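Structure record follows, encoded as structure tokens.
When a residue number appears, it is its place in the shown sequence, counting from 1. What you are looking at is a predicted structure, and each value in this text was computed from that prediction instead of being measured. Numbering of ligands and ligand atoms starts at 1, following listing order.
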Amino acid sequence: MVYENRDRVKIGLEIHLQLNRLKTKIFCGCTTSYHGDPPNTHVCPVCLGLPGALPVVNRRAVEYAIRVGLALNCEISEHTQFYRKNYYYPDLPRGFQITQYDYPIAHHGHVVIEGEDGEHTVRINRAHLEEDPGRLVHEGTIDRSRYTLVDYNRSGIPLLEIVTEPDLRSPKEARRFLDKLRNIVEYLDVTDLDLEGSMRVDANVSIMGGNRAEIKNISSFRGAEKALLYEIVRQKNLLRRGGSVRQETRHFDEAREITVGIRRKEEAHDYRYFPEPDLVPLRITDWVAKVREELPELPDARRERFVREYGIKAEHAKTITGELKLAQFFEDVVLGGADPLIAATWIADVLKGELNYRDKTIESFRREDMIEIIQLLTEDKITERSGVEIIRTLLDEKGESVASIVSEKNLLKIESDEIDAAVREAIEENRKAVDDYRNGKDEALNFILGAVMKKTRGRADPKKAREMIIEEISDSAG
Ligand code: ZN
Ligand code: MN
């Protein structure tokens, strides 16, 4: 969109990522798997903030934070330290959140995304560890509820807060950054992204160098894009009418797709940050080498490797590596003996589309079936149309196996003899079309071809059948 450049849109994002692959919470031994369990069943004096309870940092949480930091091309601090961020809210029983301030675990990173005009670098300001607060639950909607309930199962879930510089220039770029971050996190295996609230987004946005508004309560990536689009238009209209944008925190009302001002934006000093006296500073330099060694192959590297190693198209490699499971599926299929180019085309262009159409994931398709289908295509035993039909039948759970579908639907390509017989019959039965064709009506040929395809129930190679019809007609003319 053109207006965005003219209006100098600046967007920064703050992402709270639950490191929920960890078994225990960040400062106590309570489990992190609370989803679906009754409220307040995974709590202890530490995560309930009872007086005198002492936190102990989860070593693995620090390692996971370093892992994400490295994947975002960050520098890792030599020393790291926790701080108290003081504020009162019912979901925060201690009256302060243990988080980081100076000396975050990771800082000065960057991520390259596909921007509005080619590659675009988004700087990462920092990534720091903190504890998730509890969860407030309302009866019905928040404005109608007679009371607020508090569930502390979530209190103390390890969170990594990732803060970008305001380098994003449009809601679309913000969306692309979030998709890329999700992709990276998926490969790192630190978070189960299917769990509700595993990746939460706040966004700040300003235009024409004015004040920035921070938008909270964004629950999806699509929501982020919509909230930003709304907010940019709001600020623009405000400036056009001679007003000015207030520095404030706004709430995204998802149902109405608008943002609503809720409070003046706090300054850092409002929180009276000071070092957490119950946790010692950590020297983490020595941990970095080990974490780096364990770092898995990341999406960009895998995409480049797929192009290099298997010679597949860049566009296909991008689609396939855009989802970890799809990338693993592709590689398994190729290692299982399938031709990489055909596999890439069929997985990225056909299978992915059929899955999306049915709102299914790659897990609902067997690797062996894909290998078998590609084998049949490579050996020219079925037509492409039949290949698609087999995939659809399997996805709709209307066929047992590739072999049974092929035999039930009679999909094996037929021999020339059989096509030949069908061609002769079709010509015999459609003399008028033959005459029309001879008199220069080319489209009459399609009519005869249709008859041949009908007689062979679609198993004839259309190109071959067409050639045979032309040959047959000119033969009988001579
Ligand atoms: Zn606990
Ligand atoms: Mn935070």
Side-chain angles (χ1 to χ4, degrees), residues 12-20 22-35 37-61 64-65 68-69 72 80-89 91-107 124-136 150-164 181 191 197-204 214-219 224 249 251 263 265-273 276 278-279:
L13 298 173
E14 226 182 82
I15 299 101
H16 283 90
L17 184 70
Q18 280 190 339
L19 302 177
N20 56 28
L22 290 163
K23 296 253 180 312
T24 55
K25 292 186 179 178
I26 186 166
F27 300 124
C28 63
C30 294
T31 179
T32 54
S33 72
Y34 62 89
H35 289 269
D37 287 351
N40 301 306
T41 48
H42 304 302
V43 291
C44 74
V46 173
C47 56
L48 282 176
L50 300 187
L54 291 174
V56 178
V57 71
N58 180 339
R59 187 190 166 101
R60 294 286 289 161
Y64 275 29
V68 179
L72 302 180
T80 193
Q81 165 132 33
F82 288 93
Y83 279 72
R84 289 187 180 181
K85 179 183 184 180
N86 295 280
Y87 68 98
Y88 172 75
Y89 214 61
D91 59 9
L92 194 69
R94 268 192 234 97
F96 58 85
Q97 181 191 31
I98 303 181
T99 177
Q100 299 197 286
Y101 189 58
D102 290 334
Y103 321 108
I105 290 184
H107 55 94
I124 304 292
N125 174 290
R126 58 195 276 138
H128 71 241
L129 268 183
E130 61 188 30
E131 55 182 344
D132 210 348
R135 210 165 61 89
L136 300 181
V150 193
D151 176 6
Y152 291 110
N153 282 349
R154 201 180 73 177
S155 170
I157 296 293
L159 278 188
L160 189 71
E161 181 178 322
I162 300 163
V163 183
T164 78
L181 181 64
T191 301
S198 55
M199 200 166 165
R200 312 197 290 267
V201 183
D202 297 336
N204 56 70
E214 183 166 347
I215 313 168
K216 302 241 179 213
N217 190 47
I218 302 172
S219 64
T249 300
H251 175 96
R263 59 172 185 258
K265 172 95 185 85
E266 310 77 5
E267 307 279 344
H269 63 247
D270 293 331
Y271 290 116
R272 212 167 45 87
Y273 281 95
E276 167 59 63
D278 292 336
L279 289 166

Item to complete: Please determine if the Mn ion (ligand 2) has an N/O/S atom from E14 lying under 2.8 Å away.
Response: no
Item to complete: Please note down the angle at the Zn ion (ligand 1) between SG of C30 and SG of C28, to the nearest 10°.
Response: 110°
Practice prompt. Indicate the atoms forming the closest heavy-atom contact of Y89 with L136, along with that distance.
Written response: CE2-CD1, 3.6 Å
Worksheet item: Do R84 and D278 have side-chain heavy atoms sitting under 4.5 Å apart?
Response: yes
Discussion item. To make sure I understand the geometry: which N, O or S atom in E161 is closest to the Mn ion (ligand 2)?
Written reply: OE1
Worksheet entry | Proximity of Y83 and Y271 rings by center, below 6.0 Å | no
Fill in: Student check: side-chain heavy atoms of Y64 and T191 closer than 4.5 Å
no
Fill in: Name of whichever N/O/S atom of E130 is nearest to the Mn ion (ligand 2)
OE2
Fill in: Within-4.5 Å side-chain heavy-atom neighbours: L159 and R200
yes
Worksheet item: What is the SG(C47)-the Zn ion (ligand 1)-SG(C44) angle, to the nearest 10 degrees?
Response: 110°
